[in-house]
**Student:** 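The structure that follows is given in the form of structure tokens.
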Amino acid sequence: MARPPVFKSFTLALVQLGSIGADKSANLQHARDMILKAAAGRAKKPELIILPECFNSPYGHVHFPNYAEEIGFIPGKPYDIAKSNSNSVKMLSAAAKETKTWLIGGEGSIPERDLTTNNVYNTCTVYNPNGDLVATHRKVHLFDIDIPGKITFKESETLTGGTTTNFFDTDFARIGLGICYDIRFPELAMISARQGCHILVYPGAFNLTTGPLHWELLQKARAVDNQVFVSMCSPARDLSAGYHAWGHSMAVDPMYVVCIVELRVLMSMARAKVLVEAADGEEIIYADISK
């Protein structure tokens, strides 16, 4: 494994995307518009733009097979965007190239169909500023939950879990990838941290039951556990949709030092700090990541 790049301060933009409906073409156009808005929304352009989980389709296990696209990316091999069968990949590649930014879209994730097995995955894709597809991550831990009287949801009814950990290198950081429910499992974050990742990025669509309980808590836990930055990007909340996302996209710093005087002795301790947090509607927020 190559040595990670030397960490440099950078800015990320979290696009808490709303208006995700049944029309995939409209979803892709809106996502593109918001990517361009995120790139132009600050005097200092962000180096990294992140979209939420399942940005090109409604979130729900019944929708995934109908919106799935063939990507066919093989790590370590050149990927021909022009010959791709994925309209989402083509849009994201063009947006990254136009804005000259790193883009995580599909982490934002999109449903992906593997034509060799017909399995459907929840997959994020990563693009460099030239528009090249350089990495993917298939969600490893599928969201199967049954809380009586509150929510029942089983991704495993239509999705297959991924089997690999994944990261990518930029000129400013090594960035580890996960999707939503992956953050509940500390081993994935531990592996990424030991591979030299400086920040872990999880697009996620927690709901109105799990969001208040664990959204912020898990990000802080993974940050403190591994002494890395952590960020999650959610869809905007839409109460007219079948699935109600929590929102509150955020970025967390692992090393916020607090000084405490106890028994006349000055002590310092580190705890995670939320650098930036969205509300529940559609918006773009920015976090300056620096050590």
Side-chain angles (χ1 to χ4, degrees), residues 5 7-20 30-53 55 91-92 94-109 124-129 131 167-180 183 197-206 211 215-216 218-220 222-223 228-237 245-256 272-291:
F7 176 84
K8 302 174 185 176
S9 298
F10 68 97
T11 299
L12 63 83
L14 298 167
V15 181
Q16 188 162 285
L17 197 66
S19 304
I20 301 173
H30 182 53
R32 180 185 181 278
D33 292 344
M34 291 294 283
I35 293 168
L36 300 185
K37 185 177 179 180
R42 262 189 166 193
K44 178 184 179 295
K45 185 173 68 175
E47 285 79 10
L48 174 64
I49 299 175
I50 303 167
L51 293 177
E53 184 178 20
F55 74 90
M91 182 280 287
L92 294 167
K97 188 174 183 179
E98 182 174 351
T99 58
K100 295 297 181 185
T101 59
W102 287 86
L103 176 62
I104 301 178
E107 186 165 334
S109 63
C124 84
T125 55
V126 180
Y127 307 83
N128 67 20
F167 64 81
F168 64 100
D169 285 341
T170 68
D171 57 348
F172 50 85
R174 175 168 287 179
I175 300 173
L177 300 171
I179 299 176
C180 198
I183 199 171
C197 293
H198 302 102
I199 181 171
L200 310 179
V201 177
Y202 301 80
F206 278 35
W215 177 260
E216 180 177 331
L218 286 168
Q219 291 180 73
K220 286 183 172 181
R222 298 293 86 83
V228 296
F229 292 87
V230 174
S231 183
M232 295 188 75
C233 188
S234 170
R237 189 179 305 171
W246 174 236
H248 296 272
S249 299
M250 68 172 57
V252 173
D253 182 334
M255 279 296 291
Y256 179 57
K273 176 185 179 182
V274 175
L275 294 174
V276 63
E277 179 179 1
D280 56 38
E282 180 173 87
E283 65 176 300
I284 299 167
I285 58 173
Y286 300 86
D288 295 319
I289 307 298
S290 61
K291 289 188 177 180

**Student:** Side chain of Y286, backbone of V276: donor and acceptor closer than 3.5 Å?
**Tutor:** no
**Student:** Mark yes or no for whether R237, through its side chain, and A245, through its backbone, hold a donor-acceptor pair below 3.5 Å.
**Tutor:**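 The answer is yes, because a donor-acceptor pair under 3.5 Å joins these two groups.
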**Student:** When you look at NZ of K100, are more than 12 heavy atoms from neighbouring residues, nucleotides or ligands closer to it than 6.0 Å?
**Tutor:**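 More than 12 within 6.0 Å, yes.
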**Student:** Could you grab the distance from atom CD1 of I289 to atom NE2 of H198, nearest 0.5 Å is fine?
**Tutor:**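 Separation between the atoms: 12.5 Å.
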**Student:** Side chains of I175 and V126: closer than 4.5 Å at any heavy-atom pair?
**Tutor:** no
**Student:** Quick one: does any side-chain atom of S234 pair with a main-chain N or O of G247 as donor and acceptor, under 3.5 Å?
**Tutor:** yes
**Student:** Does any part of the side chain of F229, heavy atoms only, come nearer than 4.5 Å to the side chain of V252, both counted from C-beta?
**Tutor:**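 No, too far: nothing below the 4.5 Å cut-off.
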**Student:** Take F55 and H30 through the test side-chain contact (heavy atoms from CB on, under 4.5 Å) and record every step on the way to the result.
**Tutor:** CA-CA 10 Å; F55 74 90; H30 182 53; over 6 Å; no
**Student:** Let me confirm one number: the CD1-CZ distance from I284 to R42, rounded to the nearest 0.5 Å.
**Tutor:** 11.5 Å
**Student:** Distance from L177 atom CG to T125 atom OG1, nearest 0.5 Å?
**Tutor:** 10.0 Å
**Student:** Using every non-hydrogen atom in the two residues, find where A278 and I285 come nearest and quote the distance to one decimal.
**Tutor:**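 Answer, listing the atom of A278 first, then I285: N-CD1, 3.5 Å.
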**Student:** Does T99 offer a backbone N or O that forms a donor-acceptor pair with the side chain of K45 under 3.5 Å?
**Tutor:**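 The answer is yes, because a donor-acceptor pair under 3.5 Å joins these two groups.
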**Student:** Is there a donor-acceptor pair closer than 3.5 Å between any side-chain N or O of Q16 and the backbone N or O of S249?
**Tutor:**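 Here the side-chain-to-backbone pair exists.
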**Student:** Just say parallel, tilted or perpendicular for the rings of F7 and F10, cut-offs at 30° and 60°.
**Tutor:** perpendicular
**Student:** Sub-3.5 Å donor-acceptor pair from the side chain of S231 to the main-chain atoms of M250, do we have one?
**Tutor:**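 Yes, S231 side chain to M250 backbone: donor-acceptor pair under 3.5 Å.
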**Student:** Can you tell me how far apart CE (M255) and NZ (K273) are? Round to the nearest 0.5 Å.
**Tutor:**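 These two atoms lie 13.0 Å from each other.
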**Student:** Quick one: closest heavy-atom pair of L14 and A251, and the distance?
**Tutor:** CD1-N, 4.4 Å
**Student:** Hey, does the side chain of W215 reach the backbone of F206 with a donor-acceptor pair shorter than 3.5 angstrom?
**Tutor:** no
**Student:** Can you see which heavy atom on A31 is nearest to which on L51, and at what distance?
**Tutor:** CB-CD1, 4.5 Å
**Student:** Which value, rounded to the nearest 0.5 Å, describes the distance between Y202 atom OH and R222 atom CZ?
**Tutor:** 7.0 Å
**Student:** Which pair of non-hydrogen atoms, one from K44 and one from T11, has the smallest distance, and what is that distance?
**Tutor:** NZ-OG1, 3.1 Å
**Student:** Suppose we screen for salt bridge (Lys or Arg N to Asp or Glu O under 4.0 Å). Which residues come up paired with K97, at least two apart in sequence or across chains?
**Tutor:**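 Salt bridge (Lys or Arg N to Asp or Glu O under 4.0 Å) check on K97 returns nothing, list empty.
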**Student:** Are any side-chain N or O atoms of E53 and backbone N or O atoms of C180, one a donor and one an acceptor, separated by less than 3.5 Å?
**Tutor:**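 No; zero donor-acceptor contacts below 3.5 Å.
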**Student:** For the atom pair CG (L218) and CE (M232), what is the distance rounded to the nearest 0.5 Å?
**Tutor:** 7.5 Å
